[in-house]
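Notes to accompany the following structure.
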Amino acid sequence: MKAVTIDTLAPHIGQRVTIRGWIHNRRAAKGLVFLVVRDGTGLVQCVVNQKDAEPDTWLTAESLTQESAVAIAGEVVADARQVGGVEMQVTRLELIHKAVDYPITPKAHGVEFLMERRHLWLRSRHQWAIMRIRNRIIMSIHHFFQEQGFLQMDAPILTENAVEGTSTLFGIDYFGQPAYLTQSGQLHGEVMAMAFNKIYTFGPTFRAEKSKTRRHLTEFWMIEPEMAFYDLDMNMELAEDLLCRIAQDALKDSSVELEVLGRKVSALQSVRKPFVRISYTDAVDLLNSDKTADLLSTHESTLRTEQIELEKERAHNSSVYGQAKKWKKRRLDARAIEINARLDEITEVLRNIPVWRSSARSFEWGGDFGGSDETLLSWHFDRPVIVHRYPAAVKAFYMKRDPEDDRLALGMDVLAPEGFGEIIGGGQRADDLAFLEAQIEKHQLPREAFEWYLDLRRYGSVPHSGFGLGLERTVSWICGLDHVRETIPFPRMLGRLSP
RNA sequence: UCCUCGGUAGCUCAAUGGUAGAGCAUGCGGCUGUUAACCGCAGGGUUGUAGGUUCGAGUCCUACCCGGGGAGCCA
């Protein structure tokens with residue numbers, strides 16, 4: 001009998017097939033056992049009917065536990081009630097391995113509990129959807145660049161020089177010589193662009209920042225295109241095209257996964273060219289403006305209304321809890337968890353709003369935007385916004401100056417909508433030898449370590465640009481997740497190195 | 001490093017300073033179409049740790065440990 005995967009069951013309606021997988025959930029009625037089986041490609045309900053099944057199969061079905069491994073033979077039948085439209089009528093069931101006391105039960109769990117069991121958590125439905133979308137995004141990125149003649153090339157992970165100070169780098173011992181894990185492949189990317197014209201790197205990046213927020217990992221994956229003969233405008237257009245492609249591919253190919261996650265797709269449908277492009281100087285004006293203050297006030301009153309309604313609901317639920325039936329209690333418990341989590345979130349935001357308001361109102365030209373400023377900017381628009389031409393003082397030494405205003409660097413950041421924050425940072429690179437030499441001296445960087453980089457400006461220097469896209473933040477945005485820790489199979493962050 | 005919230009059964013959470021409870025999970029029983037199935041019964045606790053206040057502390061105070069998310073920094 002043919003062994004198939006769950007995602008290919010539909011064409012086999014009316015046929016007998018075998019599937020192999022793990023028990024995701026089990027329900028029983030008299031003479032019937034309903035098994036929800038998972039094989040990594042999808043879920044399917046398998047029905048064991050005592051009067052049809054062999055005696056061994058029935059006994060096995062009755063005693064199956066969550067995550068036990070099984071091989072199941074039966075007929076594929078159409079059933080409109082099921083997700084995917086099919087279920088299996090089981091004729092034979094073989095137990096491959098019996099799992100005992102699987103810790104992640106079909107109910108709500110806390111973050112710490114799940115993170116300690118990340119190796120098992122990955123089996124659950126939400127994680128299935130997220131990892132498949134991550135894969136979809138990775139493939140979109142490769143297709144996008146490959147179709148346009150970019151060469152995928154790899155920057156080294158072990159590096160000798162600290163590009164922007166050693167405080168955010170993980171240091172290691174390289175046979176007695178200090179070395180670091182890379183925090184960006186950009187400088188090597190520039191080398192490769194001068195050799196191959198248009199390239200992109202796709203690799204891991206490490207930051208020893210002691211950040212404990214929903215946007216930070218210490219190890220994350222970054223995509224860094226670097227293009228010879230590209231100026232800032234061409235660079236921004238490339239970033240726009242890339243993000244549009246990612247959003248559209250996700251809508252086209254990951255609708256099931258997005259639905260599992262409850263992602264509002266309208267937010268992704270509005271990701272279309274042209275994005276909003278705003279200069280840093282205009283962005284500062286916008287932050288200072290009444291428009292931003294009004295936005296905050298509106299948001300604040302909306303939250304206060306929601307807070308009052310939730311508190312009312314909580315009081316009402318707790319007053320009826322005593323008389324409630326068991327199933328109703330269970331529902332009330334689940335709702336209470338939701339209400340409390342949302343109330344915590346609202347309390348946190350309401351506490352922050354006065355700080356956000358004053359920091360936006362009094363933001364002075366010359367500083368770099370904080371997380372709250374970026375969030376506020378992105379709330380003004382329904383699609384990604386590109387902020388360009390930052391003060392040179394807050395940007396990296398290798399950025400080209402704006403020929404029209406020497407105080408500005410030709411840098412750009414792309415902020416994802418809905419407050420997901422910065423997902424792209426990049427710009428046009430300095431291509432003048434003397435300027436770069438002066439910058440290296442000004443930033444007190446070790447000149448010797450940059451000689452190879454300076455060679456690019458000695459031998460056929462041309463205008464060139466590039467940017468870095470953070471994969472996990474992008475996945476987080478597309479999936480509508482409130483934290484990046486679920487966007488990578490094994491997150492590495494402050495206080496988390498296992499499993 | 002700072003700010004802030006939290007730690008109660010295997011899990012998720014309740015509990016005016018006054019006898020520690022519920023749901024899920026587990027075990028047993030019931031139900032022939034369940035969708036986190038449902039219904040009944042049972043077992044399950046050094047309330048993070050160490051002190052203190054009190055007739056009495058899960059609850060109040062102090063210190064420490066662990067975790068959440070925010071600031072700084074950043075993708």
Side-chain angles (χ1 to χ4, degrees), chain A residues 24-36 43 45 47-52 65-66 79 81-83 87 100-117 124-125 164-165 167-168 183-184 205 207-218 220-224 318 321-322 324-341 343-345 347-349 351-352 355-356 359 368-372 374 394 413-416 420-426 467-477 482-485 494-496:
Chain A
H24 183 74
N25 195 9
R26 193 179 75 94
R27 292 178 287 270
K30 185 176 172 66
L32 282 174
V33 172
F34 300 94
L35 303 169
V36 178
L43 294 173
Q45 173 164 283
V47 185
V48 187
N49 194 324
Q50 186 172 16
K51 68 176 199 266
D52 299 337
T65 53
Q66 196 187 350
D79 189 318
R81 291 167 292 189
Q82 308 307 326
V83 181
E87 69 175 19
V100 179
D101 293 337
Y102 184 72
I104 302 178
T105 55
K107 70 182 292 285
H109 293 281
V111 172
E112 188 187 0
F113 181 83
L114 291 169
M115 287 296 285
E116 289 288 339
R117 292 158 186 80
S124 63
R125 198 146 168 264
E164 291 158 62
S167 61
T168 62
Q183 63 176 346
S184 162
T205 309
R207 304 271 168 95
E209 292 156 3
K210 292 195 172 166
S211 300
K212 271 179 78 168
T213 81
R214 60 185 72 198
R215 303 185 309 281
H216 286 87
L217 296 167
T218 53
F220 63 97
W221 287 70
M222 192 149 69
I223 295 90
E224 295 181 277
S318 95
Y321 191 84
K325 294 283 268 184
K326 206 172 183 180
W327 66 270
K328 180 76 176 171
K329 275 186 179 167
R330 191 173 153 180
R331 187 170 295 174
L332 288 173
D333 283 344
R335 181 63 187 148
I337 293 169
E338 276 173 32
I339 291 176
N340 288 340
L343 280 174
D344 280 357
E345 211 177 312
T347 307
E348 178 76 23
V349 175
R351 187 168 53 230
N352 282 325
V355 183
W356 291 12
S359 123
D368 208 350
F369 296 133
S372 67
E374 287 180 352
V394 301
D413 287 346
V414 182
L415 310 179
F420 281 97
E422 185 181 344
I423 52 174
I424 282 180
F467 60 82
L469 170 72
L471 179 62
E472 286 73 20
R473 285 189 183 177
T474 304
V475 176
S476 179
W477 163 53
D482 66 358
H483 202 297
V484 291
R485 70 182 147 227
L494 200 59
R496 174 65 54 194

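To find a chain, count down the sequence lines: A is the first, B the second, and so on, and within it residues start at 1.
- Atom CD of A/Glu422 is separated from atom CZ of A/Arg473 by 6.5 Å, given to the nearest 0.5 angstrom.
- Among the protein residues, A/Gln82 comes within range of the nucleic acid bases, having at least one heavy atom under 4.0 Å from a base atom.
- At whole-Å resolution of the value, CD in A/Glu209 and P in B/rA75 are 8 Å apart.
- Across all strands, A/Asp79 comes closer than 4.0 Å to base atoms (heavy-atom distances).
- Atom CG in A/Leu415 sits 10.5 Å away from atom CD1 in A/Ile424 (nearest 0.5 Å).
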* Asked: Nucleotide by nucleotide, 5' to 3', does protein get under 4.0 Å of the base (B), only the sugar-phosphate (S), or neither (-) in nucleotides 21-30 of chain B, counting heavy atoms?
  -> -SBBS-----

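- Nearest nucleotide to the side chain of A/Glu112, out of B/rC66, B/rG68, B/rU35: B/rC66.
- Counting heavy atoms from C-beta outward, A/Val100 and A/Thr65 have side chains that stay 4.5 Å or more apart.
- A/Glu374 has no carboxylate O lying under 4.0 Å from a charged side-chain N of A/Arg215, or vice versa, which leaves the two without a salt bridge.
- Within the structure, every side-chain polar atom (N or O) of A/Lys210 is placed at least 4.0 Å from both OP1 and OP2 of B/rU1.
- Listed pair A/Arg485 / B/rG69 meets the phosphate criterion, a side-chain N or O lying under 4.0 Å from OP1 or OP2.
- A/Glu116 comes within 4.0 angstrom of no nucleic acid atom, judged by non-hydrogen atoms across all strands.
- Counted within 6.0 Å of CG on A/Asp101, heavy atoms from surrounding residues, nucleotides or ligands total 12 or fewer; the atom is thus considered open.
- The two residues A/Thr218 and A/Glu209 have their closest heavy-atom pair at CG2-O, 4.3 Å.
- Side-chain atoms of A/Asp368 lie closest to B/rC74 of the nucleotides B/rA75, B/rG69, B/rC74.
- Between A/Leu35 atom CG and B/rU34 atom P there is a gap of 16 Å when expressed in whole angstrom units.
- Aromatic stacking is not marked for A/Phe34 over B/rG33, as the cut-offs of 5.5 Å for the centres and 30° for the planes do not both hold.
- Interatomic distance, A/Arg485 CZ to A/Ser476 OG, rounded to the nearest 0.5 Å: 10.5 Å.
- Checked by distance alone, A/Arg473 brings a side-chain donor or acceptor within 3.5 Å of a matching partner on the base of B/rC74.
- Secondary-structure annotation of RNA chain B gives the stems B:1-7 with B:65-71, B:10-13 with B:21-24, B:26-30 with B:38-42, B:48-52 with B:60-64, with a stem taken as at least 3 successive Watson-Crick or G-U pairs whose two distances both fall under 3.5 Å.
- Side-chain N/O atoms of A/Arg214 include one lying less than 4.0 angstrom from OP1 or OP2 on B/rG70.
- Among the heavy atoms of the strands lying under 4.0 Å from A/Asn49 is at least one base atom, whether or not backbone atoms are also near.
- Nearest to the side-chain atoms of A/Glu374 among the listed nucleotides B/rU34, B/rC74, B/rG33 stands B/rC74.
- With A/Gln45 as the fixed residue, the side chain to side chain donor-acceptor pair (under 3.5 Å) test singles out one of A/His24, A/Arg81, A/Glu87: A/Glu87.
- A/Arg351 pairs by the salt bridge (Lys or Arg N to Asp or Glu O under 4.0 Å) definition with A/Glu348, not counting sequence neighbours.
- Across the protein-nucleic acid pair, A/Phe113 atom CZ and B/rG10 atom P stand 11 Å apart, rounded to whole Å.
- An OP1 or OP2 oxygen of B/rA75 is reached within less than 4.0 angstrom by no side-chain nitrogen or oxygen of A/His216.
- A donor N or O paired with an acceptor N or O is found under 3.5 Å between the base of B/rG72 and the side-chain atoms of A/Ser211.
- Residue A/Leu114 contributes atom CG, which lies 16 Å from atom P of B/rG67 at whole-angstrom precision.
- Here A/Ile424 lies in heavy-atom contact (under 4.0 Å) with sugar-phosphate atoms only.
- Residues A/Thr205 and A/Trp221 form no side-chain contact, since every pair of their non-hydrogen atoms from C-beta on lies 4.5 Å or further apart.
- Contacts of A/Leu32 with the nucleic acid, taken as non-hydrogen atoms under 4.0 Å apart, include base atoms.
- Backbone-only engagement by A/Arg351 is indicated by non-hydrogen atom pairs under 4.0 Å involving sugar-phosphate atoms exclusively.
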